[in-house]
Chemist: 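Could you have a look at this structure, given as structure tokens, before my questions?
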Amino acid sequence: MSLPFPLAEAPSPAAEEAGRKLFATGGDFLKGVVAMSGMPPADRLEVCFAGRSNVGKSSLINALTGRRSLARASNTPGRTQEINFFTLEESHYLVDLPGYGFANAPVAVVAKWQALLKAYLSGRPSLRRAFVLIDSRHGVKAVDAEIMGLLDRSAVPFQTVLTKADKVKDAEREKVLDQVRGALAKHPAAFPELIVTSSEKGWGIPTLRATIATME
Ligand SMILES: Nc1nc2c(ncn2[C@@H]2O[C@H](COP(=O)(O)OP(=O)(O)OP(=O)(O)O)[C@@H](O)[C@H]2O)c(=O)[nH]1
Ligand SMILES: [Mg+2]
């Protein structure tokens with residue numbers, strides 16, 4: 001019997017090569033957006049990285065593009081406070097989102113960017129897939145489930161990416177994976193395969209690149 005929400009298989013050599021090629025250019029920062037009116041034209045394939053503050057969204061974009069500081073990563077939760085658009089060739093946007101949940105910033109400021117985050121996730125026509133990042137140590141929390149519910153209602157398919165896999169032992173990782181699978185079962189917009197990553201070690205990065213490069 002196959003488990004629901006299996007780990008993604010290693011990409012085929014052709015898919016891996018497509019991923020390598022797409023990301024070989026490294027990507028460029030386009031703009032930081034603070035209101036829906038500031039969004040660039042919805043004219044290409046777009047994927048975004050959503051997740052709790054500090055889960056590793058910006059670090060994952062840096063690992064994918066092979067650039068240490070394309071996206072600003074930091075130890076301070078709430079570092080990313082705008083919706084940051086990166087271009088990959090002429091064909092793709094990668095979108096780094098502000099974190100949800102705890103943030104080390106004034107309440108009014110947080111409320112403003114959380115509203116923008118929700119407007120973006122529910123109303124961006126070219127958003128093809130949201131990657132929802134979950135910390136390998138913590139699993140799916142209530143705030144994650146809330147975002148997943150928003151994606152369900154907005155009919156935005158989302159794929160779960162486990163982050164910081166280098167920080168857990170195998171047994172602990174399996175336990176968290178089971179919790180994640182249980183939580184995903186409640187979300188019709190959840191994509192079936194999970195991707196386990198470590199931006200620090202490069203784990204899962206070729207798989208994620210191939211996934212993005214081979215998306216229709
Ligand atoms: N060990 C380890 N640490 C990581 C990994 N990914 C991110 N980190 C660390 O986690 C912290 C937060 O990473 P960010 O990439 O800034 O997280 P974020 O989700 O963009 O955070 P916000 O923008 O504040 O929401 C940083 O100190 C990173 O170095 C990983 O794969 N392994
Ligand atoms: Mg960030």
Side-chain angles (χ1 to χ4, degrees), residues 8-51 55-74 79-99 113 116-133 147 150-151 154-161 163 189 191-195 197-199 202-216:
E9 284 180 16
S12 69
E16 184 164 343
E17 177 58 13
R20 191 196 61 74
K21 253 174 107 175
L22 176 63
F23 283 85
T25 53
D28 286 301
F29 176 68
L30 177 66
K31 69 189 297 200
V33 171
V34 294
M36 287 303 281
S37 58
M39 296 278 153
D43 61 357
R44 60 196 77 187
L45 197 155
E46 184 167 319
V47 296
C48 72
F49 298 85
V55 71
K57 299 173 292 295
S58 300
S59 300
L60 190 62
I61 288 180
N62 290 337
L64 286 167
T65 56
R67 295 178 57 175
R68 282 226 141 257
S69 52
L70 184 64
R72 275 179 75 193
S74 117
R79 166 58 60 201
T80 307
Q81 305 192 352
E82 301 180 335
I83 295 186
N84 288 315
F85 282 81
F86 301 90
T87 53
L88 257 190
E89 310 236 11
E90 301 285 297
S91 53
H92 289 66
Y93 283 135
L94 301 180
V95 180
D96 188 15
L97 295 172
W113 94 59
L116 174 65
L117 169 73
K118 289 182 180 177
Y120 169 79
L121 287 176
S122 60
R124 177 71 172 162
S126 48
L127 179 57
R128 188 67 52 83
R129 192 178 300 178
F131 291 103
V132 175
L133 276 52
I147 290 294
L150 175 74
L151 294 167
S154 311
V156 175
F158 71 86
Q159 182 161 18
T160 302
V161 173
T163 63
F191 194 85
E193 292 172 343
L194 312 177
I195 303 179
T197 66
S198 163
S199 297
W203 300 343
I205 300 301
T207 300
L208 193 47
R209 285 185 186 137
T211 300
I212 294 168
T214 57
M215 243 173 229
E216 297 289 301

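Values below: all heavy atoms of this structure, side chains included; hydrogens, waters and symmetry mates excluded. Throughout, numbering of the chain's residues begins at 1 and tracks the sequence.
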Chemist: As an exercise, state the distance from CG of Leu94 to CG of Asp28, rounded to the nearest 0.5 Å.
Modeler: 11.0 Å
Chemist: Which heavy atom of Glu90 sits nearest to which heavy atom of Arg44, and what is that distance?
Modeler: O-NH1, 3.3 Å
Chemist: Main chain of Thr163, side chain of Trp203: is a donor-acceptor contact present, judged purely on distance under 3.5 Å?
Modeler: no
Chemist: So does Ala71 get a backbone contact from the side chain of Asn62, meaning a donor-acceptor N/O pair under 3.5 Å?
Modeler: yes
Chemist: Where do Thr207 and Ala8 come nearest, in terms of heavy atoms and distance?
Modeler: CG2-CB, 4.1 Å
Chemist: Kindly compute the distance separating OG1 (Thr160) from CG (Leu194), expressed to the nearest 0.5 Å.
Modeler: 6.0 Å
Chemist: Can you confirm whether Val95 sits close enough to Tyr120 that some side-chain heavy atom of one is under 4.5 Å from a side-chain heavy atom of the other?
Modeler: yes
Chemist: Looking only at heavy atoms, which two atoms of Ala155 and Pro157 are closest? And how far apart?
Modeler: O-CD, 3.6 Å
Chemist: Can you name the closest pair of heavy atoms from Leu70 and Gly27 and give their distance?
Modeler: CD1-O, 4.1 Å
Chemist: Ring pair (Phe, Tyr, Trp, His ring centres under 6.0 Å) with Phe49: which residues, sequence neighbours excluded?
Modeler: Phe131
Chemist: At what distance, to the nearest 0.5 angstrom, does OG of Ser199 lie from CG of Leu64?
Modeler: 7.5 Å
Chemist: The criterion is ring pair (Phe, Tyr, Trp, His ring centres under 6.0 Å); which residues satisfy it with Tyr93, sequence neighbours excluded?
Modeler: Phe85
Chemist: Would you say that Leu22 contacts Arg209 through its side chain, given a criterion of any heavy-atom pair below 4.5 Å between the two side chains?
Modeler: no
Chemist: I need the Asp43 CG to Ser91 OG distance, nearest 0.5 Å.
Modeler: 10.5 Å
Chemist: Please answer whether the main-chain N or O of Glu46 pairs with a side-chain N or O of Ser126 as donor and acceptor at a distance below 3.5 Å.
Modeler: no
Chemist: Which pair of heavy atoms, one from Val33 and one from Gly38, lies closest together, and at what distance?
Modeler: CG2-O, 3.5 Å
Chemist: Backbone N or O of Arg72 within a donor-acceptor pair of the Ser58 side chain at under 3.5 Å?
Modeler: yes
Chemist: Measuring from Lys118:NZ to Trp113:CH2, what's the distance to the nearest 0.5 Å?
Modeler: 13.5 Å
Chemist: Is there a side-chain contact between Asn84 and Ile61 (heavy atoms, below 4.5 Å)?
Modeler: no
Chemist: Please determine which of Thr211, Leu45, Ile212 meets the side-chain contact (heavy atoms from CB on, under 4.5 Å) test together with Arg129.
Modeler: Thr211
Chemist: Using modelled atom types only, decide if a donor and an acceptor are shared between the side chain of Glu193 and the backbone of Glu9 within a distance under 3.5 Å.
Modeler: no
Chemist: Between Lys57 (side chain only) and Leu133 (backbone N and O only), is there a donor and an acceptor less than 3.5 Å apart?
Modeler: no
Chemist: What pairs with Phe86 under ring pair (Phe, Tyr, Trp, His ring centres under 6.0 Å), at least two apart in sequence or on another chain?
Modeler: Phe29
Chemist: Does the side chain of Cys48 reach to within under 4.5 Å of the side chain of Ile83, using non-hydrogen atoms?
Modeler: no
Chemist: Compare every heavy atom of Gly123 with every heavy atom of Pro125, then report the nearest pair and how far apart it is.
Modeler: CD-O, 3.3 Å
Chemist: Are there more than 12 heavy atoms of other residues, nucleotides or ligands under 6.0 Å from atom NZ of Lys31?
Modeler: yes
Chemist: Nearest 0.5 angstrom please: Glu82 CD to Asp96 CG, how far?
Modeler: 10.5 Å
